Amino acid sequence: MEASEIRKMGDEVRGEDPGRAAELYRQASDLGDADASSSLGYMYIVGEGVPQDTVTAAEYLKRASDLGNTKAMCNLGIIMMGIDPSQALTLFERAAESGYEKGMINAATMLRGGNGVAADPERAVMWLERAAATSTEAAGILAHILRTGEGVFPNKPRAAELYRMAAEAGDPDSQYDLAMMLDAGDGIPVDRVEAERWFRASADQGDNDARLCIGGILYERGEFSEAEGYFTDAALDGDVKAMYNLALMLMDGSLGERDENKAMEWMEMASDAGFVYAQSMLGSMLIDRDIERAETLLRSASDAGEPTAMYNLGALALSGRIEMPDRDVIKLLTASAEAGICEARDLLMRLSSQGMLRSLVPDQQIIQAGDLVPAGQVLGHESVWTLDYGAVNTEGVRRPGIVVAVADEERPVTGDVEPRER
């Protein structure tokens, strides 16, 4: 029986009996079948029907690579990355030169990051350009590089073209990234109608950042029920911003009758996960229920730099609800005011106009009346720590408080090098 026939028998039984398939591949490999050697090598990498054994895997993959099998070249290259990176790159580029897309992507991945070899962004782009013609994965990686100018001169119009190509092929990451560029006019003309279409397409495939964006768009348009659906999907998937957004909607009445108890459940979940906006909001909600926990939450958010928490914490101390050195109170209020919190500015103006700052901090004049421009009416109500959080336009929060995803150069892109047989 010929080697190719034995290997085909292995292919047929592999799903039901991988051990038997490995035996057949071994026989075909011994008869010189490159595809059988490649498949058997891969099985040893992942421990499919045979014990996991990278040494044996490398032996069979080298046998297949020497016979020109491009899949084997890539999988052997992955093994060699931790042993001899230069040899790994050679294997990837051999596969790439033979037209194998994964070889092009793996070679580009090593070259763009300098993983054990000298970084060569231009060569990485060259391989990705070749692969992008038929690979949505390569198109998305190349678009990210050209959009951000990672080691090369940025080319945002070309990045948008690549994102669009991958987006039209159904890649949710590229759909999201293209929508972000269209929404912001990032190197291409603003087109919010098309941006919304791509946000929806990505969100409907489960991308939580896209769910947040389309939810925010719908919220601002007053389409609250549909916005709730996207936020709920993301929240159930563990997204803390979506949990926070749902809590806000339950509190502001956009979903019907206000439901503060249910809102607090979502806010608790987001707060427990470390989302500082949720900690700040929950802290303010608990002031009249559990002042100790409220202080703990506000301190946590304040320590993380959340300006509304700084204001609320300082105002609580001034009102005598919690204890805090006067110097620390003024520092908190000053930091909050510098971050744009109008209530903090107003309160500092009020203290300054009453000559209280010098008495609070006698040995250090932190702020004078002329140092801050009043941004609203001086606070006249007794509960100076209460604040309409949704009206504050702090970083990452869009009026009226709904948090949306933002463009982030650290957003993960595809292209991680990992063993693949196909």
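Only heavy atoms go into these numbers, but all of them, side chains included; no hydrogens, no water, no symmetry mates. Quick caveat: nothing in here was measured; it's all calculated off a predicted structure.
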Completion exercise
Heavy-atom nearest pair, Gly314 first then Val329, reads O-CG1, 3.7 Å
Handout entry: salt bridge (charged side-chain N to carboxylate O under 4.0 Å, His left out) against Arg130, all qualifying residues, sequence neighbours excluded
Key = none
Handout entry: Shortest non-hydrogen separation from Val50 to Ala22 and the atoms involved
Key = CG1-CB, 3.5 Å
Practice task
Apply side-chain contact (heavy atoms from CB on, under 4.5 Å) to Tyr100 and Lys71, showing your working.
Solution key: CA-CA 8 Å; Tyr100 189 47; Lys71 295 177 183 177; 3.4 Å; yes
Problem - Tyr219 and Asp252 side chains, donor-acceptor separation under 3.5 Å - result: yes
Fill in the blank from the handout: Heavy atoms of Ala309 and Ser302 approach each other most closely as CB-N, 3.8 Å
Practice task
Evaluate whether atom CD of Glu260 has more than 12 neighbouring non-hydrogen atoms of other residues, nucleotides or ligands under 6.0 angstrom away.
Solution key: yes
Problem - Student check: side-chain heavy atoms of Val190 and Asp183 closer than 4.5 Å - result: no
Practice task
Could you tell me which residues satisfy salt bridge (charged side-chain N to carboxylate O under 4.0 Å, His left out) with Arg123, sequence neighbours excluded, listed by chain and number?
Solution key: Glu93, Asp120
Exercise for the section: Nearest 0.5 Å please: distance from the CH2 atom of Trp198 over to the OH atom of Tyr176. Expected result: 16.0 Å
Fill in the blank from the handout: Here the salt bridge (Lys or Arg N to Asp or Glu O under 4.0 Å) pairs for residues 274-284, sequence neighbours left out, are none
Exercise for the section: For the residue pair Arg147 and Pro154, establish whether any side-chain heavy-atom pair is separated by less than 4.5 Å. Expected result: no
Problem - Contact check, side chains of Ile322 and Met324, non-hydrogen atoms, under 4.5 Å - result: yes
Handout entry: Trp266: partners by side chain to side chain donor-acceptor pair (under 3.5 Å), with sequence neighbours left out
Key = none
Exercise for the section: To the nearest 0.5 angstrom, please state how far the CG atom of Asp290 sits from the OG1 atom of Thr296. Expected result: 8.5 Å
Problem - Considering all heavy atoms, the nearest Ile105-Ala131 contact - result: CG1-CB, 4.4 Å
Practice task
Apply the test side chain to side chain donor-acceptor pair (under 3.5 Å) to residues Gln175 and Gln205: give CA-CA distance (whole Å), side-chain angles for both, the deciding distance (0.1 Å), then the verdict.
Solution key: CA-CA 10 Å; Gln175 290 168 346; Gln205 292 196 74; 3.0 Å; yes
Exercise for the section: Using modelled atom types only, decide if a donor and an acceptor are shared between the side chain of Arg321 and the backbone of Ile287 within a distance under 3.5 Å. Expected result: yes
Practice task
Any chance you could measure Leu297, atom CG, to Glu306, atom CD, to the nearest 0.5 Å?
Solution key: 12.0 Å
Problem - Pairs flagged by salt bridge (Lys or Arg N to Asp or Glu O under 4.0 Å) wherever residues 225-234 is involved - sequence neighbours left out - result: Arg200-Glu226
Problem - By side chain to side chain contact (heavy atoms under 4.5 Å, CB included) - contacts of Lys156 (at least two apart) - result: Met181, Asp186
Problem - Validation row: Met1, Met9 side chains within 4.5 angstrom (heavy atoms) - result: yes
Problem - Salt bridge present between Glu194 and Arg197 (N-O < 4.0 angstrom) - result: yes
Practice task
Start with the C-alpha gap between Glu161 and Arg158, add the side-chain angles, then the distance that decides, and say whether salt bridge (charged side-chain N to carboxylate O under 4.0 Å, His left out) holds.
Solution key: CA-CA 5 Å; Glu161 289 177 6; Arg158 173 59 176 155; 3.3 Å; yes
Exercise for the section: Any chance you could measure Thr232, atom OG1, to Asn245, atom CG, to the nearest 0.5 Å? Expected result: 10.5 Å
Handout entry: Any residue meeting side chain to side chain contact (heavy atoms under 4.5 Å, CB included) with Asp30, in chain and number order, not counting sequence neighbours
Key = Arg26, Arg63
Practice task
Consider only side-chain N and O atoms of Asp204 and Tyr230, and report whether a donor and an acceptor are under 3.5 Å apart.
Solution key: yes
Problem - Salt bridge Arg14-Glu48, side-chain N to carboxylate O under 4.0 Å - result: yes
Practice task
State whether the side chain of Ser174 and the backbone N or O of Ala166 hold a donor-acceptor pair below 3.5 Å, judged by distance alone.
Solution key: no
Handout entry: Side chain Ser254, main chain Leu250, donor-acceptor under 3.5 Å
Key = no
Completion exercise
Nearest heavy-atom contact between Ile79 and Ala58 is CD1-N, 4.1 Å
Handout entry: Under 3.5 Å donor-acceptor, Ser39 side chain and Asp35 backbone
Key = yes
Handout entry: From NZ (Lys62) to OG (Ser38), nearest 0.5 Å
Key = 14.5 Å
Fill in the blank from the handout: Smallest heavy-atom separation, Thr148 atom then His144 atom, equals OG1-O, 2.8 Å
Problem - Parallel, tilted or perpendicular, as decided by the 30° and 60° cut-offs, for the rings of Tyr44 and Tyr60 - result: parallel
Handout entry: Side-chain donor/acceptor of Ser336 to backbone N/O of Leu332, under 3.5 Å
Key = no
Exercise for the section: Please examine the side chains of Leu248 and Met281, heavy atoms only from C-beta on, and report whether any two atoms are closer than 4.5 Å. Expected result: yes
Problem - Verdict with supporting geometry, Ile6 and Asp33, side-chain contact (heavy atoms from CB on, under 4.5 Å) - result: CA-CA 9 Å; Ile6 298 172; Asp33 189 278; over 6 Å; no
Completion exercise
Hits for side chain to side chain contact (heavy atoms under 4.5 Å, CB included) against Val13, two or more places apart or cross-chain, chain-then-number order -> Arg20, Ala21, Leu24
Exercise for the section: Before giving the answer on salt bridge (charged side-chain N to carboxylate O under 4.0 Å, His left out), spell out for Lys102 and Glu137 the whole-Å C-alpha distance, their side-chain angles and the decisive distance to 0.1 Å. Expected result: CA-CA 9 Å; Lys102 193 60 183 177; Glu137 180 184 6; 3.6 Å; yes
Practice task
Look at Glu196 together with Arg192 and state whether they make a salt bridge at an N to O cut-off of under 4.0 Å.
Solution key: no
Handout entry: Carboxylate-amine/guanidinium contact Arg7 Glu12, below 4.0 Å
Key = no
Exercise for the section: Output all residues satisfying side chain to side chain donor-acceptor pair (under 3.5 Å) with Ser37, sequence neighbours left out; order by chain, then residue number. Expected result: Ser29
Practice task
Verify, without hydrogens or angle tests, whether Glu2 (side chain) and Ser4 (backbone) share a donor-acceptor contact under 3.5 angstrom.
Solution key: no
Practice task
Using the test side chain to side chain donor-acceptor pair (under 3.5 Å), find all partners of Asp17 that sit at least two apart in sequence or belong to another chain.
Solution key: none
Practice task
List in chain and number order the residues that pass side chain to side chain donor-acceptor pair (under 3.5 Å) with Ser135, two or more places apart in sequence or in another chain; answer none if no residue qualifies.
Solution key: none
Problem - Distance, nearest 0.5 Å, that separates CG of Leu40 from OG1 of Thr56 - result: 9.0 Å
Handout entry: Check: Phe224 and Leu218 side chains under 4.5 Å, non-hydrogen atoms
Key = no
Problem - Flag for Asp173-Tyr163: side-chain donor and acceptor within less than 3.5 Å - result: no
Practice task
Tell me, please, which residues at least two apart from Glu150 pass salt bridge (charged side-chain N to carboxylate O under 4.0 Å, His left out).
Solution key: Arg112
Exercise for the section: Dump the intermediate steps for side-chain contact (heavy atoms from CB on, under 4.5 Å) on Leu282 and Arg293, then the final yes or no. Expected result: CA-CA 9 Å; Leu282 184 59; Arg293 180 139 188 263; 4.0 Å; yes
